[in-house]
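We name chains A, B, ... by the order of the sequence lines, and we start the count at 1 in each one.
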There are 2 protein chains.
Amino acid sequence: MSRSNPRVLAILERAGGFASAQEVYRLMQREGESIGLTTVYRSLQSLVNDKIVDVLRREDGEAIYRLCGGAHHHHLVCKGCGETIEIEGGAIEKWAKTMAQEFGFREVGHTAEIFGLCPKC
Amino acid sequence: MSRSNPRVLAILERAGGFASAQEVYRLMQREGESIGLTTVYRSLQSLVNDKIVDVLRREDGEAIYRLCGGAHHHHLVCKGCGETIEIEGGAIEKWAKTMAQEFGFREVGHTAEIFGLCPKC
DNA sequence: ATGGAAATGAAAATCATTTTCATTTGTGCT
DNA sequence: AGCACAAATGAAAATGATTTTCATTTCCAT
């Protein structure tokens with residue numbers, strides 16, 4: 001489970017450090033990489049175990065992975081056309097930290113997304 | 001989609017307001033209620049739409065439902081035991097509004113969750 | 001009653017994820 | 001090089017939650 005890890009990692013980086021297993025798989029196929037879906041899942045799991053990668057959940061329950069530590073951002077998504085803008089979440093980081101502290105939580109992460117209609121829609 | 005909603009709701013109450021669709025179904029069966037799994041799913045969805053019920057995700061991605069207090073709030077979820085605390089998100093509201101404005105988005109909503117390990121875990 | 005709309009549920013379809021298992025690859029040893 | 005054995009790989013099947021389909025049943029207003 002070692003030859004594929006770096007390849008999966010590379011894809012995650014290029015993807016902006018934010019993708020589901022299925023997406024990683026599709027991306028790798030598109031780039032001509034030869035890898036099986038099973039291996040993608042296994043690599044992602046081992047990367048998570050090694051705390052190199054973080055796992056979150058989309059609204060629909062699909063697991064999404066991202067490099068941890070790497071500057072993370074949030075999304076502003078258009079309900080109409082699906083356009084997505086990466087935005088800063090400084091306020092959120094602080095909020096998350098404060099709240100976690102107040103309730104004694106450790107190893108804290110968070111998700112946040114804004115959605116609405118973009119100017120064009 | 002109206003005759004079953006109250007029954008599903010009643011079960012959610014008795015369950016301590018925290019159960020997956022499958023669990024609600026099993027509970028109802030055990031109590032002799034006659035209902036189909038499909039209907040349980042549909043009722044839960046409609047209750048979510050009506051904001052009577054809240055939906056979260058377990059670690060494994062399964063959706064769990066519970067009665068919600070009504071006022072818009074966010075969650076602080078423990079990765080270990082699943083305990084959930086409802087928290088205020090004033091900072092988020094402002095952030096969302098600011099960001100949306102900056103990019104000209106309308107009809108804006110948002111999601112935000114914090115997760116980590118609670119003091120006990 | 002009667003017709004049509006809404007609700008229901010059984011069974012099939014979907015879809016992400018996991019498991020199984022046979023094959024391939026890598027590594028160390030002689 | 002040749003050999004053995006462990007780890008890694010991936011195709012296909014299994015799993016499990018959720019959704020869809022579609023025929024039937026229940027509600028209501030006429």
Which part of the nucleic acid, if any, lies within reach of A:Ser34 when heavy atoms closer than 4.0 Å are counted: base, sugar-phosphate only, or nothing? sugar-phosphate

In whole Å, what is the span from the CD atom of B:Gln45 to the P atom of C:dA6? 18 Å

Roughly how many Å is it from CD1 in B:Ile64 to C1' in D:dT18, rounded to a whole number? 16 Å

Applying a 4.0 Å non-hydrogen cut-off, can you work out what B:Ser43 is touching in the nucleic acid: base, sugar-phosphate, or nothing? nothing

Distance in angstrom units between B:Arg57 CZ and C:dT17 P, rounded: 11 Å

Using whole Å, what does the distance between atom P of nucleotide C:dA16 and atom OH of A:Tyr65 come to? 12 Å

Hey, are A:Glu31 and A:Arg14 close enough for a salt bridge, meaning a charged N less than 4.0 Å from a carboxylate O? yes

Return no unless some side-chain N or O of B:Ser4 is found under 4.0 Å from OP1 or OP2 of C:dT8. yes

Calculate the interatomic distance between A:Leu44 atom CG and D:dA8 atom C1'; express it in whole Å. 16 Å

Counting only side-chain heavy atoms from C-beta out, which of D:dT18, C:dT19, D:dT21 sits nearest to B:Thr38? D:dT21

Greater than 12 external heavy atoms within 6.0 Å of B:Glu93's CD: yes

Expressed in angstrom and rounded to an integer, what is the separation of A:Glu59 atom CD from C:dA16 atom P? 17 Å

N/O (side chain, B:Arg3) to phosphate O (OP1/OP2, D:dC27) under 4.0 Å: yes

Would you mind classifying the nucleic acid contact of A:Glu62 as base, sugar-phosphate or nothing, using non-hydrogen atoms under 4.0 angstrom? sugar-phosphate

Parallel, tilted or perpendicular, as decided by the 30° and 60° cut-offs, for the rings of A:His110 and A:His74: parallel

What's the closest nucleotide to the side chain of B:Thr39 if the choices are C:dA11, C:dT18, C:dT8? C:dT8

Whole angstrom is fine here: how far is it from CZ in A:Arg26 over to C1' in C:dT17? 14 Å

Proximal nucleotide (of C:dT8, D:dT18, C:dT17) relative to the A:Leu37 side chain: C:dT17

In whole Å, I'd like the distance from the OH atom of B:Tyr25 to the P atom of C:dT8. 14 Å

Pairwise salt bridge (charged side-chain N to carboxylate O under 4.0 Å, His left out) hits with a residue in residues 95-105 of chain B, at least two apart: none

Strictly by modelled atom types, are A:Tyr41 and A:Gln45 linked by a side-chain donor-acceptor pair under 3.5 Å? no

Give a yes/no answer on whether the side chain of B:Tyr41 brings an N or O atom under 4.0 Å of OP1 or OP2 in D:dT19. no

5'-most contact on DNA chain C: A:Arg42 or A:Ala21, nearest heavy atom basis? A:Ala21

